Amino acid sequence: MNNMSALLSSYKHGWSLAQEFYTSAEVLRSEADLIWKQVWLFAGFTCELQHPGDYFTYNVFNQSAIIIRDDDGAIHAHHNTCRHRGSVICTEERGNEPTLKCPYHHWVYEKNGNLKNARLMPENFIKEDFGLHRVHVHVLEGIIFISFAREPPDFFQETRDLAPYLEPYNLDYAKVVFRDRYELDANWKLIGENFRECYHCGPVHIEYCHSVIGANLVEDRQEVLEAHIPVWIENGLAVNTIEQTNGSGHYATRYPLRPGFQSYSLDGKPVAPPIGRHKTYDSGVVGLINYPNFWMDAVTDYIWVMRITPIDALRSVVDLTWLVDGKAEEGKDYDVDRLTEFWKITGEQDWHLCENNQRGILSERYSSGPMSPFEMDVVHFHEWYLNILRSGILKKERRGLTT
Ligand code: FES
Ligand SMILES: [Fe+2]
């Protein structure tokens, strides 16, 4: 039995995880191999790749993917490693290139990954054998997911469950208006956990609780919810909560804002025109999650998305993106500062909590603590996570690969 197996069996249902889950490089290596390099990861949006040759990269551990739009509109994802001697090809995070030229010896690849030209190679060199290695890509209603796995898991259920919530936003035609990035001194799971419970919301998120009825766990929002559901159904909006219970890694829900609030804004007033096929401002909040790195909170007039990426056991990056309707014009229809202030305030409250949490966990006297009944989604998150590690380790043991 190795350390990971012992650690996994130390888990106590309904309690926070053991210290090593938040601090150990060995745990992180297992997570990289069994989770991050295997599952589907949120990368970005199709609307970020409007023109042929538009690309962005996404780096996870030592893997880097180039996600690029082709001349025929198709979206490809390639490993960002040259088939000659392995150089990174795209060194910039985003840009537009008619072809992908390696900066080292200038091998040139087509957008679809085929090798187009390799300078001064012998006549018997077969270009067709040296296309870029493919990264799997799956576009879900304008959201690009990738998988570094040789054989990625099925994504059917996620697609079926999340698509009805995403469809009204017409994300292919949305527009990114702001990006922000924070490097946090916190293990990636602490950020995930934080966004799976509102036990902390009442005392900490004054602005959020002002906008969302019931977020403080004291007010009863049932009556407001029940009044909204028929309106949402009539407008063709998804209302069935997809619970993350039986080990699945995705979640979807719609809930109301406080009566009188039309958006996630400090005064409750809209900050942009309704997105996609929304006509009015009464669609509430759509909350979507796909573990391990996709978290979306959308109101009628803007969408806020968080992408979590581990750096090491003690540090993570959160990439934040705000989107509006593609036809909205800055200065006329929205003001970026006003559009972003709500989640800047709320997000920064969370980043502090996550970093404090990490610092406290580093204490020699940290030990697992019991969760409240309002943290059951954190427990579900843990179970999803532990199940993947357990079955991955079991598979490895069966193949005789564990040391
Ligand atoms: S490493 Fe890319 S062309 Fe040589
Ligand atoms: Fe929070």
Side-chain angles (χ1 to χ4, degrees), residues 16 57 62 64 66 78-92 97 99-110 113-122 125-133 180 182 184 186-218 251 253 255 257 264 266 285 287-289 294-299 304-308 316 318 320 340-358 360 371-372 374-378 381:
S16 64
T57 56
N62 289 329
S64 175
I66 307 166
H78 312 296
H79 280 272
N80 192 5
T81 176
C82 182
R83 292 297 309 279
H84 176 221
R85 281 170 50 203
S87 170
V88 155
I89 298 163
C90 292
T91 53
E92 300 292 325
E97 295 292 344
T99 51
L100 298 169
K101 188 197 282 177
C102 177
Y104 203 168
H105 312 93
H106 285 204
W107 281 23
V108 177
Y109 300 88
E110 308 271 16
N114 290 346
L115 180 60
K116 184 179 181 199
N117 185 31
R119 296 165 51 244
L120 308 176
M121 291 297 281
F125 173 74
I126 301 169
K127 282 192 304 190
E128 288 70 22
D129 290 347
F130 293 93
L132 293 175
H133 291 303
D180 215 351
Y182 291 82
L184 303 184
N187 181 279
W188 68 273
K189 296 185 294 299
L190 293 176
I191 306 165
E193 290 173 8
N194 176 278
F195 280 80
R196 289 270 42 204
E197 50 93 356
C198 232
Y199 189 35
H200 69 278
C201 293
V204 176
H205 292 314
I206 307 303
E207 297 77 9
Y208 184 81
C209 291
H210 191 50
S211 305
V212 178
I213 183 166
N216 56 16
L217 305 181
V218 177
Y251 171 78
T253 193
Y255 54 90
L257 289 163
Y264 269 155
L266 298 187
V285 181
L288 303 183
I289 294 171
F294 173 72
W295 311 73
M296 166 174 157
D297 255 41
V299 280
W304 178 85
V305 171
M306 170 172 73
R307 186 180 74 177
I308 307 173
S316 312
V318 287
L320 310 172
T340 54
E341 69 182 342
F342 180 88
W343 269 110
K344 276 194 175 169
I345 293 169
T346 307
E348 281 177 16
Q349 293 161 346
D350 282 320
W351 317 143
H352 287 303
L353 298 177
C354 294
E355 291 189 325
N356 288 343
N357 199 173
Q358 180 73 61
M371 307 259 191
S372 78
F374 298 103
E375 294 167 287
M376 287 318 288
D377 287 330
V378 179
F381 173 51

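From a predicted model like this one, the values you see are computed outputs, not experimental measurements. First listed ligand is number 1; within each ligand, the first listed atom is number 1.
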Taking side-chain contact (heavy atoms from CB on, under 4.5 Å) as the criterion, tell me which of Leu353, Ile308, Asp350 meets it with Ile191.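 Considering Leu353, Ile308, Asp350, a side-chain contact (heavy atoms from CB on, under 4.5 Å) with Ile191 is found only for Ile308.
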Give the numbers and elements of all ligand 1 atoms closer than 4.0 Å to a heavy atom of [X].
X      : result
Tyr104 : 1 (S), 4 (Fe)
Ser87  : 1 (S)
Trp107 : 3 (S)

Cationic tip of Arg196 within the cone over Tyr251's six-membered ring, i.e. under 6.0 Å and within 45° of the normal?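 Verdict for Tyr251: a cation-pi partner in Arg196.
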Please indicate whether Phe125 has more than 12 foreign heavy atoms, meaning atoms of other residues, nucleotides or ligands, lying under 6.0 Å from its CZ.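 Correct, the count exceeds 12.
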For atom CG of Asn62, is the number of surrounding heavy atoms from other residues, nucleotides or ligands below 6.0 Å larger than 12?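 No - once you tally the heavy atoms of other residues, nucleotides and ligands closer than 6.0 Å, there are 12 at most.
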Could you check whether Asn114 and Tyr109, counting side-chain N and O atoms only, form a donor-acceptor pair closer than 3.5 Å?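 Absent: no donor and acceptor within the cut-off.
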In terms of residue, atom name and distance, what is the protein heavy atom nearest to atom 1 (S) of ligand 1?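 Going atom by atom, the protein heavy atom closest to atom 1 (S) of ligand 1 ends up being Arg85 N, 3.4 Å.
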The Fe ion (ligand 2) as vertex, arms to NE2 of His200 and OD1 of Asp350: angle to 10°?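 The two atoms form an angle at the metal of about 100°.
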With backbone taken as N, CA, C and O and side chain as the heavy atoms from C-beta onward, which portion of His106 lies under 4.0 Å from ligand 1: side chain, backbone, both, or neither?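 His106 to ligand 1: backbone contact only, side chain stays beyond 4.0 Å.
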How does Cys102 reach ligand 1, if at all, at less than 4.0 Å between non-hydrogen atoms: by side chain, backbone, both, or neither?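 Contact part for Cys102 vs ligand 1: side chain (C-beta onward).
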N, O or S of Cys201 under 2.8 Å from the Fe ion (ligand 2):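 Within the cut-off used here (under 2.8 Å), Cys201 places no N, O or S atom near the Fe ion (ligand 2).
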With a cut-off of 2.8 Å, does Cys198 place any N/O/S atom under that distance from the Fe ion (ligand 2)?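 Not a single backbone or side-chain N, O or S atom of Cys198 is under 2.8 Å from the Fe ion (ligand 2).
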Given ND1 of His84 on one side and ND1 of His105 on the other, what angle do they make at atom 4 (Fe) of ligand 1, to 10°?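 An angle of 90° at the metal.
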Can the ring centroids of Tyr264 and Trp343 be said to lie less than 6.0 angstrom from one another?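 That pair passes the under 6.0 Å test.
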Considering the options His200, His205, Lys344, which one meets the side chain to side chain donor-acceptor pair (under 3.5 Å) requirement together with Gln349?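 One option only clears the test, and that one is His205.
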